[in-house]
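Here's the structure we're looking at; comments come further down.
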Amino acid sequence: MKILYVMILVLFFGLFSCSEAELKGYASDDYIQFYKSAVDSTVFSFAYDETLESGVVSLKLNLISPVVDRERAYTVNFLESESSAKVGVDFELPTGDQKVLANDSIAWFEVNVKRNKNLQKAVTAVFEIGESADFRPGMVSNRKARVVITNELTCPEWWNEWHEQNGLGKYSDLKYRTFMREMKVHDLTLIADGGEMDYSTMRAYVLKFKYWLQDNPTPDEDGSTMSVAMRG
């Protein structure tokens with residue numbers, strides 16, 4: 001038993017040291033990285049509002065650094081060779097220096113996306129942390145960020161497993177369009193997840209949609225009758 005315990009500890013600290021090893025060797029203790037890993041894209045769809053011509057995608061960055069009482073600059077580069085989105089057509093890069101505010105431990109990199117009416121499929125803009133006078137890139141897995149821009153409807157991040165089982169139920173484009181049309185809302189992201197909606201308001205919208213479906217039976221894309229998972 002003692003041998004097994006020692007082996008578990010060795011494996012645990014070995015994994016931890018591997019994840020941190022890429023940050024060693026720098027003289028600086030100040031690193032910055034995207035909050036999301038490079039494999040997790042951020043999607044912006046113009047399908048939610050046909051009158052919308054532009055929008056803003058805010059990419060969160062985390063600091064691996066002591067908090068200081070002065071502004072600090074960071075660098076994010078657009079990787080044109082890895083992107084299908086075009087600057088000036090699908091999005092605009094932020095102007096001016098990118099800053100981390102004094103006494104803050106996070107930053108936001110804002111990408112201004114534009115409606116491209118000729119867009120036939122989704123395009124992707126890839127960004128990467130670069131070195132600056134104040135920061136070096138953080139973990140390799142979080143040095144890049146991907147922004148997907150589309151005119152098509154996509155399943156939003158907030159329509160997660162919880163909603164599948166306890167909220168709006170199984171996702172379909174038709175169901176989402178019906179929900180947006182009848183409820184006049186498209187974003188149910190909770191405050192705890194970075195949105196603007198509290199739980200009780202979100203629940204009220206889901207139940208309102210449920211009652212509307214009961215009064216207006218609607219076929220879903222698979223031929224079944226559209227339904228909501230939430231009880232009440």
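Along the sequence shown, residues are numbered consecutively beginning with 1.
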Report yes if the side chains of [X] and [Y] come closer than 4.5 Å at any heavy-atom pair, otherwise no.
X: Ile32; Y: Val100; answer: yes
X: Thr178; Y: Asp220; answer: no
X: Phe34; Y: Arg143; answer: no
X: Met226; Y: Leu174; answer: yes
X: Arg115; Y: Asn151; answer: yes
X: Val147; Y: Val126; answer: no

Taking [atom1] in [X] as the centre, count heavy atoms belonging to other residues, nucleotides or ligands within less than 6.0 Å. Is the count above 12?
X: Gln214; atom1: CD; answer: yes
X: Arg181; atom1: CZ; answer: yes
X: Glu80; atom1: CD; answer: no
X: Lys121; atom1: NZ; answer: no

Exercise. Which pairs pass salt bridge (Lys or Arg N to Asp or Glu O under 4.0 Å) with one or both residues in residues 189-213, sequence neighbours excluded?
Worked result: none

Backbone N/O of [Y] and side chain of [X]: donor-acceptor pair under 3.5 Å:
X: Ser132; Y: Ala73; result: yes
X: Thr201; Y: Met197; result: no
X: Thr150; Y: Glu152; result: yes
X: Gln33; Y: Tyr31; result: no
X: Ser45; Y: Ala47; result: yes
X: Ser83; Y: Ser81; result: no
X: His163; Y: Leu168; result: yes
X: Arg146; Y: Ala38; result: yes
X: Asp97; Y: Lys99; result: no

For residues 59-66, please give each side-chain donor-acceptor pair under 3.5 Å, one per line with the distance, not counting sequence neighbours.
from, atom 1, to, atom 2, distance (Å)
Ser65, OG, Asp30, OD1, 2.6
Ser65, OG, Arg72, NH1, 2.8

Exercise. What pairs of residues pass the side chain to side chain donor-acceptor pair (under 3.5 Å) test when at least one of them lies in residues 84-94, not counting sequence neighbours?
Worked result: Asp90-Asn116, Glu92-Lys114

Exercise. With sequence neighbours left out, what residues match Phe91 under ring pair (Phe, Tyr, Trp, His ring centres under 6.0 Å)?
Worked result: Phe78, Phe127

Problem set entry | Listed partners of Phe44 passing ring pair (Phe, Tyr, Trp, His ring centres under 6.0 Å), at least two apart | Phe46

Problem set entry | From CG (Asn77) to NZ (Lys144), nearest 0.5 Å | 11.5 Å

Problem set entry | Rounded distance (nearest 0.5 Å) linking atom CD1 of Ile129 with atom OG1 of Thr75 | 8.5 Å

For this session: Could you check Thr51 against Asp49 for side chain to side chain donor-acceptor pair (under 3.5 Å), going step by step and ending with a plain yes or no?
Result: CA-CA 5 Å; Thr51 66; Asp49 185 348; 2.6 Å; yes

Exercise. Taking NZ, NE, NH1 and NH2 as the nitrogens, is one of them in Glu157 or Lys36 under 4.0 Å from a carboxylate oxygen of the other?
Worked result: yes

For this session: Sorted by first residue and then second, give each ring-ring contact (aromatic ring centres under 6.0 Å, His included) pair with at least one member in residues 192-232; sequence neighbours left out.
Result: Phe179-Phe209

Problem set entry | Check: Tyr48 ring centroid to Tyr176 ring centroid under 6.0 Å | yes

Exercise. Do you reckon Val113 sits in the same ILVMFWY cluster as Leu153, going by side-chain contacts under 4.5 Å, direct or chained?
Worked result: no

